[in-house]
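Step one of this worksheet: look at the structure below.
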Amino acid sequence: MDAIFRDLTAPQREAAGHIDGPLLILAGPGSGKTRVVTHRIAHLLQSGVRAHQILALTFTNKAADEMRSRVERLAPGQPVWLGTFHRFCAQQLRRYAPLVGLSENYSIYDMADAKQAMKRAIEAAEVSTSHTSPEQIAATISDAKNRLITAEMMTSQSSLRSGETIAARVYPVYQKQLLTANAVDFDDLLLHFARLLRENPEVRSELDRRLKYIMVDEYQDTNLAQYAIVRALSIDHPNLAVTGDPDQSIYGWRGADLNNILDFEKDYPNVKTVRLEQNYRSTPNILRVADQLIRHNRRRKQKDLFTDRPEGDPVVLRIYDDGYQEADDLADQIDAAIHGEGLRPSDFAVFCRMNALTRSLEHAFRRRGLPYQIVNGLEFYQRKEIKDLLAYLHLINNPSHDVALQRIINTPTRGVGAKTVSRLRDFADLHGIPMLEAARRVDEIESLAKRSATMVGHFVRLYDRLRVKATATIEDLLRYLIEETKFSEYLERTSVESDSNNPVANVDELINAAVEFDMQHAEDGSLDLYLEQVSLVSDIDAFEGSQDRVTLMTMHASKGLEFPRVFIIAVEDELLPHRRSRESEDQIEEERRLLFVGITRAQQWLQLSFCKSRSMRGVVRPVVASPFLTELPREDLRMVESEVKQNFFDDRHDGIDYPDSWDLPEIASDGAAEGDVDGTDVAPIDFDDVCQLPDDERDSGDRVRETAAKRLKKTIGAGSGLKTAADLLSAGEVPLAAYREGSQVRHPEYGDGTIVAVSGRGPKRSVRVRFADEETSFLIAYAAGDLALIDGAG
DNA sequence: TGGCCTATTTTTTTT
DNA sequence: AAATAGGCCA
C-alpha cells in the first residue's frame, strides 16, 4: 500500500485518491478533512501533476499555513499555491490590473479605510442619510458586490428594494472614488477578478489551463463571486475538489450562499461525492449533543456522525447569576484544573457570540494571573499609531491613496486642520485628481489661508523625502519615517499609556514584524507585497496554537480549531440566536450552526453556560436562556446552578406565563468537587424561571424610534402645503391627537402612508407608519415635523 | 487650528 | 462601559 494512503480510512482514501473530475467531500467536524486534502495534494504530485498546476483556496491564512506545512511534510519542496481567496485574487489583480482600470501598485482599503471613503462618497453623491446610515449603505453595496452586481448594474436596475435606492446612487460615486485612488476594498478583490475572468476569455482560458487542479476549502462559505471565480477556472479542466460541511456554514451575512455546496452535484456533472462521517475529535456525548442540535435544521445534508472514542463526561450546562460570576467561575475552574489535574492553559478555550463578551473574562483571568490570548486580533493593526505609520507606507506606495493622506497630513499635527483638508478634498474632487496632487497645487486653491498653504507645502516636501526611500527595506523605511516625522515625540506628547495600551511598545512590535518580513522576503520583498500582506491578515491568523495560554475567541473564529476543554458562554436568547438574526428561519438556522461549530470544537469536555442577568453597554438586563438549549438531549447534559447570591425570584417574575416548551428536567446537583467558587452552589432551581421575561422588559422600541427621529431632524420638509406636525404644534392647535392609528400621512421623502401604531406621550410620542414598501417609526412631536396629515382620512 | 470637555451612540459575526 | 462625534474656547 502506498505510503500516502497507509494511515487513511476507506472514505478518506477514496477522496484522497481521486484525481480527475469534480469531487465533493462532505466532511463532518473532526473527520480529518485537512488530512484528506493534504494527502490528495501529495497524491496528485506523486501522480505526475506539477505543483504549479495545483491551486488550493482557503478562507484564512491560518488554514492555508496549516495546509502548507502538512503538504511540505508529505511532499517537500513543492511550490503548490495555497492561500486565501482574497490573496489569490489580489495577486492575480496585480498582474492584470490595467484590465480593470487599476495600476499594479493598487492599494487594498481595509474596513476603516472603506468607511472613510464611503462617507466621502455619500457626501459627494448628495444623498440624504436621514433614515439610513453610512454603515447600512456600505452593507448594501457590499452585499451587491458579493452577488456580482456592479455599480452600473445596480443603477440601471428598475426594481430596487427599499433601502437600495440610496445605495444605488452612492455605489457608482464610491467606485469612481476608489478608482481615482487606485484602490479596492475587500469585496472588490473578488468582484474585479470575477469580472476580469468574464470579460477576458483569453485570460480565463489561460488560467483555467494553468490551474488544472483546484481545491476549495470550506466551500459552504463561498459567496456568488467566489463561486463564479472557481467556476470560471474549472470549465476546460473541471478537476475541482471542494470540501465543506453545510452544517458549518456561518458566513451567510457575508454573502455566503449555502446553495453553492447544496447544488454542487447539479452544477458539476459526474461528481464524485465522499462523506466523511467518522469523528476523531470528540467524545460520543459531545457528538450526540451537537448532532441533536443540528438535526433541528432543515437546510442541510444529513450526515450520520459517529465515533469510536470512549464515552466521556456529560456536557455541563451551567447557570450563573451574572456575567461576572460566570467569568470568575470559569477562571476558577480552569485554575483548579491546571493545578489539580495537571492540564495546561492551552488545553482550554472559551467561545462567545461577540467580542465584547470577552472583557469580563479578561479581568477575571488577569486577576488570577492566568495566561490567555484573545483572538480578535486585527486589533493590532487597528491601533491608531499603527494605522498612522502604515498610512505613511500606503501613501508612499500609492500616491493616490486619499484615505491615507487624510489620515496623516496632520499626524503628527503640523497645522493642517479639518478646513484645509476639506478644501483640498473639494479641489481634488473638482479636478478628478488625487488629494496629494491637489496638495501639490495648493497655490491654486484661492480660498486657502497663506499659513495653511505653507503647512501643506511642508507636508508635500516631507512626503517627497520619504518617497525616495520607497525601495529600502520595510524596517529602514519605518525607522526613517519615524525619525523624519518626529513620531516618537508625538506619541510621548499625546498618548496616554495604560497596561492595555502602550503605543510605543506597539510601534516597536510593528518594527519587529517588519524585520521579520524583510528577512523572509530578502529576494522578492517590496512595499507592495508588505502592504498586501498586512491588509489581508485576519484575526484568526493571529492565533498562536503553540502558546501555552487559554484561548478566548468568538465561535466564528473557532472554526477549524479544536481544544480538549471548551467553555461556551452566554448561550442566551437575543445573543445566541442573536436578536438581529431572528428575522428569518434561515438566519436562525445559521445561528444554530454557529453553536454547532462551537460545540464540535471540544475534544473531551464541554460546558455551556448562561446567566440570569447580564450587564451590557452599561445597563443590566434580565436574560432568557437560549431556545437552542431545549433542543439538546437532556440525558447527555448535567445542569448545574452556581450559588444564588441574591434573591432572583423577586416580584419582577411574578405572574408570568411560561411557554410549555420549557419542560426541562430537574436540575442535577453538583458536588463541590467540580471546582465551584465556594462549594455552596447547587440550589436546584426551576429552569423555567430563568427562561422567560415579561414583555415590557424586552422592548427596545424607544431607542429605535429615537434614533430614527434624530436622523429625521436633519430632513428638510418639502413644502407640501399640508399642515405638518411641526406646523400644528407651533400654531398651538391640539395636533398630536390627530395622529392616531389609521391616519393617512404624507412624508416628503417616503410619500404617503398609514399610521399603524401610536405610542408614548409628550415629546416621546411616536407613530409607526406603513409606507408603500416599508414600515418606519417616527417621533412626531419634534422630530418628524414634516410628517403631514392628509385630510379626511383616519 | 487644536485641545478639551460633553453628549451621543454603540447593537454580531469578518476576508 | 467604551468609543466617537460634536461643541466650545483659547
Side-chain angles (χ1 to χ4, degrees), chain A residues 57-64 83-90 108-112 114-115 119 133 135-136 139 142 145-146 184-191 218 221-223 225-226 249-256 323 351-357 359-360 363 375-379 382 384 410-421 449 451-452 455 493-494 498 500-501 532 535-541 553-559 570 574-582 587 590-591 593-595 597-598 614-621 700 703-704 706-707 710-711:
Chain A
L57 297 168
T58 63
F59 276 79
T60 64
N61 295 303
K62 164 104 180 112
T84 66
F85 260 105
H86 286 81
R87 196 181 291 285
F88 173 66
C89 293
I108 301 168
Y109 276 6
D110 68 14
M111 281 211 305
K115 193 177 167 188
K119 281 184 183 164
S133 61
E135 291 75 22
Q136 225 166 76
S142 169
K145 286 183 174 180
N146 287 329
V184 302
D185 64 21
F186 284 138
D187 301 318
D188 282 339
L189 289 172
L190 305 175
L191 177 64
E218 310 279 14
D221 287 330
T222 51
N223 60 32
Q226 288 158 330
S249 163
I250 53 177
Y251 285 105
W253 49 274
R254 216 167 66 189
F351 304 151
C352 53
R353 178 64 234 268
M354 47 185 203
N355 285 308
L357 290 167
R359 278 239 164 73
S360 52
H363 283 135
V375 184
N376 67 343
L378 245 119
E379 250 183 7
Q382 299 293 358
K384 188 186 176 308
N410 199 34
T411 310
T413 45
R414 52 176 76 86
V416 182
K419 200 116 201 185
T420 308
V421 173
R451 207 181 94 89
S452 305
M455 296 307 194
R493 198 166 67 238
T494 57
S498 70
S500 60
N501 177 40
E532 178 188 301
S535 298
L536 296 178
V537 292
S538 74
D539 60 340
I540 184 64
D541 299 333
M553 61 168 96
T554 64
M555 276 174 274
H556 282 91
S558 77
K559 190 153 69 145
E574 308 227 304
L575 215 46
L576 195 30
H578 195 272
R579 64 205 314 250
R580 308 251 300 212
S581 300
R582 290 196 307 190
Q587 286 182 324
E590 178 153 317
E591 296 285 302
R593 291 194 290 268
L594 192 54
L595 182 56
V597 166
R614 187 175 292 280
S615 149
M616 284 182 80
R617 261 196 293 285
V619 284
V620 181
R621 300 184 115 261
S700 63
R703 268 189 123 136
V704 175
E706 278 167 48
T707 310
K710 290 205 180 113
R711 289 198 189 120

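Residue numbers begin at 1 in each chain, while the letters A, B, ... track the order of the sequences.
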Which part of the nucleic acid, if any, lies within contact of A/Thr420, taking any heavy atom under 4.0 Å across all strands shown: a base, the sugar-phosphate backbone alone, or nothing? sugar-phosphate

Between atom CG in A/Leu57 and atom P in B/dT15, what is the gap in whole Å? 16 Å

Atom CE of A/Met354 to atom C1' of B/dT14: distance rounded to whole Å? 16 Å

When you get a sec, tell me which of B/dT11, B/dT15, B/dT1 is the closest nucleotide to the side chain of A/Ser452? B/dT1

When you measure from the side chain of A/Thr413, which nucleotide among B/dG3, B/dT1, B/dT15 comes out closest? B/dG3

Select from A/Ala418 and A/His556 the residue whose nearest nucleotide in DNA chain B is closer to the 5' end of that strand. A/Ala418

Whole-Å distance, A/Leu190 CG to B/dT15 P, equals 13 Å

Below the 4.0 Å mark, does B/dT15 have OP1 or OP2 next to a side-chain nitrogen or oxygen of A/Lys559? no

Among B/dT1, B/dT14, B/dT11, which nucleotide has an atom closest to any side-chain atom of A/Arg579? B/dT11

Is any side-chain N or O of A/Arg617 under 3.5 Å from a base N or O of B/dT9, one able to act as donor and the other as acceptor? no

Distance-only, no hydrogens or angles: does the A/Gln226 side chain make a donor-acceptor pair with backbone N or O of A/Leu190 under 3.5 Å? no

Return the nearest nucleotide to the side chain of A/Thr554; candidates are B/dT1, B/dT14, B/dT15. B/dT14

Looking only at side-chain N and O atoms, does A/Thr60 come under 4.0 Å of OP1 or OP2 in B/dT15? no

Which part of the nucleic acid, if any, lies within contact of A/Lys115, taking any heavy atom under 4.0 Å across all strands shown: a base, the sugar-phosphate backbone alone, or nothing? nothing

What is the distance, to the nearest angstrom, from the NZ atom on A/Lys419 to the P atom on C/dG7? 13 Å

Hey, is the side chain of A/Asn355 poking within less than 4.0 Å of OP1 or OP2 on B/dT14, counting only N and O atoms? yes

If you check every side-chain atom of A/Arg580, which of B/dT15, B/dT14, B/dT11 has the closest atom? B/dT11

Would you call the rings of A/His556 and A/Tyr251 parallel, tilted or perpendicular if under 30° counts as parallel and over 60° as perpendicular? tilted

Using whole Å, what does the distance between atom C1' of nucleotide C/dA5 and atom CD of A/Glu135 come to? 13 Å

Main chain of A/Ala256, side chain of A/Asp221: is a donor-acceptor contact present, judged purely on distance under 3.5 Å? no

On DNA chain B, compare the nucleotides closest to A/Asp187 and A/Val421; which residue's is nearer the 5' end? A/Val421

Rounded to whole Å, please give me the gap between CG in A/Leu536 and C1' in B/dT14. 13 Å

Is A/Trp253 stacked against the base of B/dT13, taking the criterion as centroid distance under 5.5 angstrom and interplanar angle under 30°? yes

Give me the atom names and distance for the closest heavy-atom approach of A/Arg87 to A/Thr84. N-OG1, 3.0 Å

Taken to the nearest 0.5 Å, the spacing of A/Thr554 OG1 from A/Ile250 CD1 works out to 8.0 Å

May I ask you to decide if A/Gly252's main-chain N or O and A/Glu590's side chain share a donor-acceptor pair within less than 3.5 Å? yes

Roughly how many Å is it from CG in A/Leu191 to P in B/dT15, rounded to a whole number? 19 Å

Among B/dG2, B/dT13, C/dA5, which nucleotide has an atom closest to any side-chain atom of A/Asn410? B/dG2

Between C1' of B/dT11 and CE of A/Met616, the distance in whole Å: 8 Å

